[in-house]
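The structure appears right after this line, and notes come after that.
Just so you know, residue 1 is the first one in the sequence shown, and it goes up from there.
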Amino acid sequence: LLSAMGKPKKGKARKSGPKLAPSRWGGSRKKKVSPLDLRDLKDAKALAKTLTSMEGGEGAVPAAPEVQDPAQPLPDEQPTYDGLLTSLGVEGQADDDDSVSQSSVVAPSDTDEEGDAQALPNDLKAEPLAREEIDKDDSATDSGDDSDADDSELLTQAPVSQGRLDRFGMFDEPAPTSHSDGGPTRWPIGPFTRAVVEPEADDYLTSCPSSKSFTPGAEYGLHPMMEEKWQTLSRDDDMGADESVLFHCMSSYRDVLFYEQSHINGDKVRKVAMLHLANHVRKAHNRWRWNMDAITVALSSGTPLPDEESVRDQGPARTRVLVLCAFRSIAFNLASWFTSLLSQKKTVRRLDLLTERYLPGDDSVPNTFPEHAHLFSGSSNDRFVFGAAVSRRSVTLFTRLAESDIIFASPLGLRGLVKADHGYTEHTDLLSSVEIMYVDRADALKMQNWEHVLESCRATNCPPVNLGQCDIRRLRRPAADGLLRAYRQTIVFADGKSPDFLAILNEGPRTRKQKRNASVVDGEDELRVALGRKHSDVIRNRNHRGTIRLSKPCSSGVVSTVTASGVSKQAFLSVQCTTLVDTTTRHLKAFEERFWNAGGSSLEGLVIIVPSYLELISIRKLLRNDKRHVAFIYEYTNQVDLRRLRREFNKRSCSALITTERYFWYRPSLPRFEHIFFFKPLETPALYVQIMRRAINPSCATVLTLFSRFDVFALERLCGESMAKKMAKSEGNKLFAFC
């Protein structure tokens with residue numbers, strides 16, 4: 001509509017394929033010249049001028065036109081919205097058809113699929129279903145009754161059934177232009193006595209159910225069939241107060257940080273998360289279908305719509321939910337539970353393909369502790385991405401990402417797809433309309449590569465490069481205002497606290513760097529000013545509804561458990577650090593002065609554990625002039641060198657062995673040692689217990705750990721909450737001993 005207001009850009013066209021359009025931000029970009037492109041400043045001015053002439057006021061948004069009798073000619077001074085689109089040659093939303101996406105994307109051709117396959121990384125090229133298999137599945141006849149009660153809603157009914165605790169209808173409530181100055185407050189919610197709510201607890205949170213059993217129903221807007229499916233899915237799980245409070249907090253559409261996911265309740269809380277996501281997707285799909293039927297009836301009968309704002313139910317893209325998880329085995333469980341909750345009378349297509357590609361692997365992991373076995377059971381491949389689409393009679397897996405309602409991906413696979421390092425691409429448009437982002441086991445993702453997680457967050461809710469065939473009559477107001485990030489709910493599950501997990505909530509979409517003069521006004525900002533909707537005071541990179549952090553007190557850490565097992569000397573040395581940036585430098589200086597030169601270099605059978613490969617490189621550079629033979633083992637060491645270095649350390653041919661926490665997290669096997677040194681407190685307390693069991697003589701072993709005031713969360717898991725606070729407030733070079 002915007003580009004149709006003026007003349008299209010002039011550009012040289014190739015002999016075949018889409019036209020080339022010059023990039024506004026410098027260079028050239030290959031893209032399809034679309035009639036719905038928000039990039040050009042001229043288009044924004046043309047739209048503002050047209051809207052002003054239609055309404056008669058400056059910067060005003062045109063109201064819904066009154067539909068008259070089609071047989072009577074309309075006056076020239078009162079053009080209708082549909083008539084304007086027809087005169088410009090812009091087609092509206094397609095009629096009710098399951099094969100058409102919610103953003104009116106035209107059915108792809110063979111050329112489009114090949115183009116998408118070339119844009120994928122090498123590991124993901126084989127991920128989409130083959131063309132002949134897609135045609136075979138799409139031509140298959142669906143089973144079941146077509147008159148599904150869940151899928152055939154009357155126009156006289158509301159698009160989404162509202163319950164007492166159902167907040168889906170308030171998903172697009174206006175964002176406040178001012179925020180309270182008060183910071184986060186501690187508000188006990190059920191068993192989570194350390195819960196933190198920001199900005200403050202409202203009536204919805206205070207009405208949290210206090211029952212010890214979790215039985216969600218119509219009060220949350222659940223369909224009776226979905227409620228029945230949930231009872232079947234959670235039959236073998238003991239759902240209690242923790243799961244009830246968690247689902248209630250997620251239903252508030254605030255950002256939720258859940259720090260209590262472990263191997264004990266891992267499957268239970270994942271099922272609760274999938275229930276919330278499936279419930280949201282079902283309501284959104286039903287609302288879209290109801291609005292589609294209402295528009296069809298209004299156009300055929302010539303009656304006006306009751307409310308034009310009520311049909312604004314979509315964003316620039318179709319994808320509404322993004323799920324980030326560590327391994328394919330986790331994605332298999334999440335996708336299976338999601339389709340099971342939505343199946344009802346729907347047919348689940350390509351479920352066998354999900355089992356074939358994502359289930360391989362041994363379910364039993366021998367010779368490991370329970371936390372490791374629960375996380376690494378099944379396929380541990382960490383490079384994948386696939387989508388699922390919900391239609392009237394089926395739930396289809398492995399659909400094209402542009403036609404998917406939910407995307408399951410790993411940070412590595414998603415970053416390779418959107419190519420976040422190269423700025424905006426056409427693939428980032430897939431994530432421009434994400435309404436809920438769910439991050440599972442953030443502690444496991446941190447062990448893989450945390451930068452991939454941050455880049456995936458920055459690529460979400462970015463302004464689209466091309467709107468494609470999106471019907472702007474049904475575009476949500478936050479999408480036009482560029483505030484989709486402020487309306488997105490982010491759910492993070494992790495085992496333990498970390499500042500990095502909280503940083504996900506504050507990570508917004510990547511801002512566009514203008515390569516022209518700074519005085520040039522962005523076309524989107526010009527459009528918002530012309531429409532009178534400039535929200536300069538709204539915090540764009542955070543959920544405007546608030547944040548909930550759920551955690552329980554940690555009275556005693558694992559240090560007492562290790563002491564009871566026979567390790568009688570556990571010392572923690574404080575390092576004075578003023579800023580987070582100089583933490584590694586101060587720790588490295590304390591290692592050299594307070595440990596290595598003070599007698600640590602003379603210890604036999606010494607193991608040094610550093611957090612990551614970067615700290616290992618710093619220590620290797622520090623010890624390059626040392627005459628003693630020191631072995632270095634990390635996650636990139638091949639098997640031949642690994643066996644050789646372990647054999648040398650066992651024979652004491654090398655006096656010290658330096659390794660990383662990430663290496664031990666992937667391969668929980670460490671040679672038996674006599675003394676051990678931790679460069680920083682371990683993030684995973686289960687690893688600390690397993691490492692201490694490898695001591696040859698626990699009563700004579702020396703255990704020393706360096707820490708600073710920025711490691712308070714890791715200290716809580718090791719030493720307990722009260723002791724960690726005391727240690728974090730201590731001065732530098734102070735020693736704490738646990739005997």
Side-chain angles (χ1 to χ4, degrees), residues 165 190-192 208-209 211-252 256-283 321-344 346 348 351 354-355 358-359 363 370-371 374-375 377-378 388 390 395 397 405-408 436-444 489-495 548 550:
L165 301 177
F192 301 100
C208 181
S211 59
K212 296 183 179 180
S213 60
F214 177 47
T215 55
E219 66 274 10
Y220 289 101
L222 289 178
H223 192 273
M225 290 187 178
M226 181 176 290
E227 184 179 354
E228 181 181 353
K229 284 287 185 179
W230 170 254
Q231 297 297 335
T232 304
L233 183 63
S234 60
R235 181 179 303 169
D236 299 333
D237 298 322
D238 185 16
M239 298 291 178
D242 293 3
E243 291 74 25
S244 179
V245 172
L246 178 60
F247 184 77
H248 184 81
C249 293
M250 288 189 296
S251 299
S252 67
V256 177
L257 270 75
F258 182 70
Y259 294 122
E260 302 298 330
Q261 185 182 20
S262 62
H263 66 286
I264 300 176
N265 65 345
D267 291 342
K268 293 193 295 183
V269 297
R270 285 170 180 165
K271 291 179 181 179
V272 174
M274 288 300 104
L275 177 63
H276 173 62
L277 300 184
N279 192 30
H280 177 80
V281 171
R282 184 192 66 84
K283 294 176 184 177
V321 179
L322 174 63
V323 177
L324 295 180
C325 52
F327 304 115
R328 291 200 174 197
S329 58
I330 301 177
F332 171 80
N333 293 332
L334 297 178
S336 300
W337 296 331
F338 179 82
T339 55
S340 176
L341 290 170
L342 280 179
S343 60
Q344 300 166 2
K346 300 177 185 291
V348 181
L351 188 60
L354 178 68
T355 305
Y358 286 78
L359 191 59
D363 293 335
E371 293 83 352
H374 174 266
L375 189 60
S377 60
V390 180
V395 179
L397 296 170
D405 294 293
I406 181 173
I407 294 179
F408 298 87
I436 300 179
M437 185 176 70
Y438 168 63
V439 182
D440 183 82
R441 284 304 296 263
D443 55 313
Q489 182 188 27
T490 305
I491 304 173
V492 181
F493 286 3
D495 186 8
I548 304 175
L550 300 177

Name all residues meeting the side chain to side chain donor-acceptor pair (under 3.5 Å) criterion together with [X]; count only those two or more places apart in sequence or in a different chain, and write none if there are none.
X: N333; result: none
X: Y438; result: D440
X: S251; result: none
X: D237; result: K271

query: SG/C325 to CG/L334 distance, rounded to the nearest 0.5 angstrom?
result: 5.5 Å
statement: When rounded to the nearest 0.5 Å, the distance separating CG of L275 from CZ of F247 is 4.5 Å
message: Could you check whether any side-chain N or O of T339 sits under 3.5 Å from a backbone N or O of A335, counting only pairs where one atom can act as donor and the other as acceptor?
response: yes
Hey, does [Y] have a side-chain heavy atom less than 4.5 Å from the side chain of [X]?
X: H374; Y: D267; answer: yes
X: I330; Y: R270; answer: yes
X: H276; Y: Q489; answer: yes
X: L375; Y: H263; answer: no
X: V272; Y: F258; answer: no
X: Y259; Y: V492; answer: no
X: I436; Y: V281; answer: no
X: L165; Y: H248; answer: yes

query: Can you list the residues that meet the salt bridge (Lys or Arg N to Asp or Glu O under 4.0 Å) rule with E243, with sequence neighbours excluded?
result: K268
Side-chain donor/acceptor pairs under 3.5 Å, residues 226-235, sequence neighbours excluded:
unit_1, atom_1, unit_2, atom_2, d
K229, NZ, S343, OG, 3.4
T232, OG1, E228, O, 3.2
S234, OG, W230, O, 2.7

- prompt: What closest approach, in Å, do A442 and V439 show between heavy atoms, and which atom pair accounts for it?
  reply: CB-CG1, 4.3 Å
